[in-house]
Amino acid sequence: MSLYRNAVWFLNGIHQYTRKGFEVASKDFEAKDLDVSVVGRSFMVTGANSGIGRAAALAIAKKGGTVHMVCRDRDRAEEARAAIVHESGNTEVFVHVVDLSQTHSVWRFAQDFLKQHSSLNVLINNAGCMLHQRELNAEGLEKNFATNTMGVYLLTQTLIPLLQKSRDPRVVTVSSGGMLVQRLQSDDLQSQKGPFDGVMVYAQNKRQQVVLTQQWAKANPIIHFSVMHPGWVDTPAVSKSMPQFHQMMGDRLRSVEQGADTVVWLALSRAASRTCSGQFFQDRKPVPAHLPLAWTRSPAEEIQGFMTQMENLASAVQSRLEEPNDRLDASRPQFV
C-alpha cells in the first residue's frame, strides 16, 4: 500500500506541485481577492527570514500589515527585516528570536507575546525542519516533532485567546503534500520504532499538522483555521534537506512567491474567510487531505489519543517552567 501511495503522490506532484502546476492553477485565480489593505491588522509569521515565510511576510508588509517575524537566527532575521522594510516601505515589521525546536522557548515567547500585545489577527505557522538523524531537544523530544508539531501546537494553543478577541482571526499552517502518504501514528510521536527516516518523519509531522488544524477548527469556531500545501518550492530548506530531489527537479520547482501565494491568500483575502474552517488547501482551493484508497484515515479514538498526548506534553512544559528555580537539564530526557 505504501508503494501505491508514493506512486500516486509523485504522479500528482509532477502535474500539480511543480511550477507548471501553479501556472495552470493560477489561471483560475481572482486577482481582486488580494486587492486589499490590511493596515492596522497584525500578523505573526514563523520562519520569516527566508523561503516561503519571507515571501509571505513581504507580501503582507506591502499590504500595510504589521508583521511579527519569528526567527531562530537574529542576524539573518534582521537582514531579512531590513530588506522587507526597504521593499515594502512599511516600518511596522518586528523581529522575535525564538528557536521553535526548543519547547520551553516557544511557550515562554507565546506567554510574553500575550502580555505585551492587545491583538493578533493572523498566525502563520511556516517554520519547519527536516533532520535526518534522531536528535533530542532539552525536554527530550525528537527535534523534528518538537519543531514541526509541538512548536506549532504550543504557539497556536497559547495564542488562541489573543486571536479570539481580535477581528477576523485566522491561523494558517504550512504543511506539505508529503503528508498524503502518511497515516497518523499516534503511538510513536517520537519516532522511536524502526529505522529513522527523516523524510518520512517530516511527512508524519505534516500529517499531524493537518489533524491539529481539523481539531482546532472544531473547538474554536470564532477563528478560521486552514492548512495548506505550497507545492514543490525552490527554498534553501529544500536544497539543504533534500539535495537530490532539489537537483532532480531543477527549474520545475516553484518560486518562493508561488509557494507563498496560497498562504497570503488564506491570510488576507475575504474569499478565504468564507471557506469552511479546518480544510487543507492547494493553490487557493480546498482539496482532499487523503489520497483515494490510500488507507490514511484515522478513527476518532486515535485522533483523540493524539490530542490528549499533545495536551499532556504541553502541560508538562508549562508546569516545569512554572516551578521556582527551574533548570532545564539537556542531558536527561524529560517527557519521552
Side-chain angles (χ1 to χ4, degrees), residues 2 5-6 9 46-53 70-73 98-107 109 124-157 173-213 227-230 232-233 235-246 289 296 298 305-307 309-314 316-317 328 330 333-336:
S2 61
R5 289 179 199 159
N6 292 341
W9 173 79
T46 67
N49 62 277
S50 67
I52 293 169
V70 178
C71 307
R72 183 176 57 180
D73 185 288
V98 187
D99 184 345
L100 290 179
S101 74
Q102 298 303 323
T103 312
H104 63 284
S105 297
V106 177
W107 189 77
F109 163 69
I124 299 174
N125 292 308
N126 164 74
C129 74
M130 184 190 295
L131 300 178
H132 294 283
Q133 306 237 340
R134 192 172 187 276
E135 299 178 28
L136 305 182
N137 71 1
E139 289 82 21
L141 299 179
E142 190 274 319
K143 277 194 175 181
N144 288 301
F145 170 79
T147 305
N148 302 327
T149 305
M150 196 67 215
V152 168
Y153 178 86
L154 264 182
L155 186 61
T156 305
Q157 195 69 37
T173 300
V174 179
S175 182
S176 167
M179 71 90 195
L180 290 167
V181 304
Q182 287 283 312
R183 183 180 183 276
L184 180 67
Q185 297 172 6
S186 58
D187 62 342
D188 189 25
L189 298 184
Q190 305 304 318
S191 304
Q192 294 172 291
K193 300 179 180 179
F196 188 88
D197 183 333
V199 174
M200 289 298 101
V201 170
Y202 178 83
Q204 174 63 203
N205 296 159
K206 294 301 176 178
R207 169 60 72 187
Q208 292 162 358
Q209 291 178 350
V210 171
V211 173
L212 286 174
T213 298
V227 60
M228 57 80 68
H229 174 35
W232 293 341
V233 185
T235 66
V238 170
S239 175
K240 180 180 178 180
S241 61
M242 303 177 69
Q244 291 179 321
F245 175 78
H246 184 268
T296 53
S298 299
F306 165 67
M307 295 302 293
Q309 289 184 74
M310 297 303 298
E311 292 165 14
N312 291 342
L313 287 170
V317 172
L328 288 172
Q334 303 297 325
F335 309 132
V336 174

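Note that the numbering runs from 1 along the sequence shown for the chain.
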Roughly how far apart are [X] [atom1] and [Y] [atom2], rounded to 0.5 Å?
X	Y	atom1	atom2	result
Met200	Asn144	CE	CG	12.0 Å
Leu212	Met307	CG	CE	5.5 Å
His132	Phe196	NE2	CZ	9.0 Å
Met150	Leu155	CE	CG	11.0 Å
Asn148	Leu100	CG	CG	9.5 Å
Phe145	Leu189	CZ	CG	4.5 Å

Heavy-atom side-chain proximity of [X] to [Y] below 4.5 angstrom:
X	Y	value
Val199	Met130	yes
Ile52	Thr235	yes
Arg207	Thr296	yes
Val201	Gln204	no
Phe109	Val70	yes

Examine distances only and state if a side-chain atom of [X] and a backbone atom of [Y] form a donor-acceptor pair shorter than 3.5 Å.
X	Y	value
Thr46	Asn125	no
Lys206	Val174	yes
Asp188	Lys193	yes
His246	Lys240	no

List the atom of [X], the atom of [Y], and the distance in Å for their closest heavy-atom pair.
X	Y	answer
Asn126	Gly47	ND2-O, 3.1 Å
Ala138	His104	CB-CE1, 4.3 Å
Tyr202	Cys129	CD1-O, 3.2 Å
Ser105	Asp99	CB-O, 4.1 Å
Ala146	Asn137	CB-ND2, 3.5 Å
Ala48	Cys71	N-SG, 3.8 Å

>> Is there a side-chain contact (heavy atoms from CB on, under 4.5 Å) between Leu141 and Leu313? Walk through the geometry before answering.
In response: CA-CA 10 Å; Leu141 299 179; Leu313 287 170; 4.1 Å; yes
> Under 3.5 Å, is there a donor-acceptor pair linking the side chains of Gln190 and Glu142?
Replying inline: no
> Hey, are Gln209 and Thr173 close enough side-chain-wise for a donor-acceptor pair under 3.5 Å?
Replying inline: no
> Between Asn312 and Gln309, does a side-chain contact (heavy atoms from CB on, under 4.5 Å) hold up when you go through it step by step?
Replying inline: CA-CA 5 Å; Asn312 291 342; Gln309 289 184 74; 5.6 Å; no
